[in-house]
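See below for the structure under consideration.
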Amino acid sequence: MHNLRSIVYALGAVAIVCSLAVFTLSATLVLAAVLAGITVARSLSLKLKPAPVRARSAHEPRRVWNDGRGTIIDM
């Protein structure tokens with residue numbers, strides 16, 4: 001009877017370890033899927049942002065002067 005109880009306890013422990021392994025694997029897969037989704041969404045959102053365009057006339061020269069506190073470059 002004592003050996004039977006030990007076998008039942010051992011099988012119960014193996015079942016608990018297996019269920020925890022399955023839970024850990026599924027939680028890892030869910031976390032990886034969430035992180036992959038966030039990465040894809042972030043890369044798409046950065047790609048959709050318009051790039052700033054510098055508006056400068058070709059015929060206006062740059063003006064550079066010194067006001068005593070530093071050099072100012074007007075583009």
For Val14, the rest of its hydrophobic cluster, which grows through side-chain links under 4.5 angstrom: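 Same cluster as Val14: nobody, lone residue.
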CD1 on Ile38 to OG on Ser43, rounded to 0.5 Å: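 So the gap between those two atoms works out to 12.0 Å.
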Let me have the donor-acceptor pairs involving side chains of residues 25-34, under 3.5 Å, with sequence neighbours excluded, atom names and distances please.
unit_1, atom_1, unit_2, atom_2, d
Ser26, OG, Val22, O, 3.2
Ser26, OG, Phe23, O, 2.8
Thr28, OG1, Thr24, O, 2.7

